Engineer: 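Here it is: the structure, laid out below.
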Amino acid sequence: MTTLTTLTPGQATSRFGEFTVVDVRSPGEYAAGHLPGAHNVPLDRIEEAADALKTAAGRTPLLVVCASGARSAKACGQLADLGIEAATLDGGTSAWAAAGHAVERPAGARTTWPMDRQVRLAAGSLVVVGFLAGLAWQPAHWLSGAVGAGLVFSGVTNTCGMAALLAKLPHNRPPKDAVSFQETLGRLAA
């Protein structure tokens, strides 16, 4: 069992130059604002990036970030399983910005909601639609039940199929001028 290393924004700031920062949010979330110099490696691509991350971790410690700290903690667990040490930022990019630290935002970048907020909106909307449609056609209540079951499964397995689907929507994709995933891997491995 590996113990998760968690750093507060203050602790991370005092050592910021020592880290290779890896942001595991969707490309759209990353483009809306990230820690200075952070590399975007979405959570669902951590294993694909393992070799590059191992090389980067051999040079400098990894600091993994997301919006709130939940996805980065999960990514640190995945990295630990691959033999790669990494720390997570407590409270994520949200806590970093709230503490008054700089966040890089490309000019003209759109603001994308954090994935957990997108999931709550989508799940809540589907439950309401299932409930209202069920008033007119009884079997439609099953939609609300299915969403509830999906949320329970998500909580038990610590995975989220809805987030995986939402990440593929256009507003969660990287801007056309963003650094490609392959180029990010090259930078991490260099």
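As the structure is a computational prediction, the values presented were derived from the model and not from experiment. Atoms considered below: every heavy atom in the structure, side chains included; atoms not considered: hydrogens, waters and symmetry mates.
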Engineer: Evaluate the side-chain proximity of Arg71 to Arg25: yes if any heavy-atom separation is below 4.5 Å, no if none is.
Structural biologist: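 Heavy-atom side-chain distance check passes, below 4.5 Å.
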
Engineer: Might you point out which heavy atoms bring Gly33 and Val103 nearest each other, and give the distance in Å?
Structural biologist: C-CG1, 3.5 Å

Engineer: Closest heavy-atom contact between Ala86 and Leu79?
Structural biologist: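 Of all heavy-atom pairs spanning Ala86 and Leu79, the closest is CB-CD1, 3.8 Å.
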
Engineer: Take atom CD of Gln11 as the centre, draw a 6.0 Å sphere, and report whether it contains more than 12 heavy atoms from other residues, nucleotides or ligands.
Structural biologist: yes

Engineer: Considering only heavy atoms from C-beta outward, does the side chain of His39 approach that of Thr20 to under 4.5 Å?
Structural biologist: yes

Engineer: Passes side chain to side chain contact (heavy atoms under 4.5 Å, CB included), Leu62 versus Ile84? Steps please.
Structural biologist: CA-CA 9 Å; Leu62 297 181; Ile84 303 169; 3.8 Å; yes

Engineer: Could you tell me which non-hydrogen atom of Ala122 sits nearest to which non-hydrogen atom of Met162, and how far apart they are?
Structural biologist: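 Looking at all heavy atoms of both residues, the closest pair is CB-SD, 3.6 Å.
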
Engineer: Side-chain contact test, heavy atoms from C-beta onward, threshold under 4.5 Å: evaluate it for Phe19 versus Thr60 and give yes or no.
Structural biologist: no

Engineer: Rounded to the nearest 0.5 Å, how far does NE2 of His101 lie from OG1 of Thr93?
Structural biologist: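 Result: 12.0 Å between the selected atoms.
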
Engineer: How close do Glu104 and Pro36 get, counting heavy atoms only, and between which atoms?
Structural biologist: OE2-CA, 3.2 Å

Engineer: In sequence, state the C-alpha distance, the side-chain angles, and the governing distance for Leu151 and Val147, and then conclude on side chain to side chain contact (heavy atoms under 4.5 Å, CB included).
Structural biologist: CA-CA 6 Å; Leu151 291 172; Val147 172; 4.2 Å; yes

Engineer: Under 3.5 Å, is there a donor on one side chain and an acceptor on the other for His34 and Glu29?
Structural biologist: no

Engineer: Counting only N and O atoms by type, is there a donor-acceptor contact under 3.5 Å from the side chain of Ser144 to the main-chain atoms of Phe131?
Structural biologist: yes

Engineer: What pairs of donor and acceptor atoms, side-chain ones from residues 63-70 against any protein atom, are under 3.5 angstrom apart with sequence neighbours left out?
Structural biologist:
none

Engineer: Using the salt bridge (charged side-chain N to carboxylate O under 4.0 Å, His left out) criterion, which residues pair with Glu85? Sequence neighbours excluded.
Structural biologist: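 None.
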
Engineer: Can you find a heavy atom in the side chain of Leu53 that is under 4.5 Å from one in the side chain of Val22?
Structural biologist: yes

Engineer: Is a side-chain donor or acceptor of Tyr30 paired with a backbone partner of Ala38 at a separation under 3.5 angstrom?
Structural biologist: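 Looks like yes, one N/O pair under 3.5 Å.
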
Engineer: Is a donor on one side and an acceptor on the other found under 3.5 Å between the side chain of Gln118 and the backbone of Trp113?
Structural biologist: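 The answer is yes, because a donor-acceptor pair under 3.5 Å joins these two groups.
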
Engineer: Taking the side chain as every heavy atom from C-beta outward, state whether Phe181 and Pro42 have any pair of such atoms under 4.5 Å apart.
Structural biologist: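 SC-SC contact between Phe181 and Pro42 confirmed.
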
Engineer: Applying side chain to side chain contact (heavy atoms under 4.5 Å, CB included), run through Val119 and Asp116 and close with a yes or a no.
Structural biologist: CA-CA 5 Å; Val119 168; Asp116 63 322; 5.6 Å; no

Engineer: State whether the side chain of Arg59 and the backbone N or O of Ala190 hold a donor-acceptor pair below 3.5 Å, judged by distance alone.
Structural biologist: yes

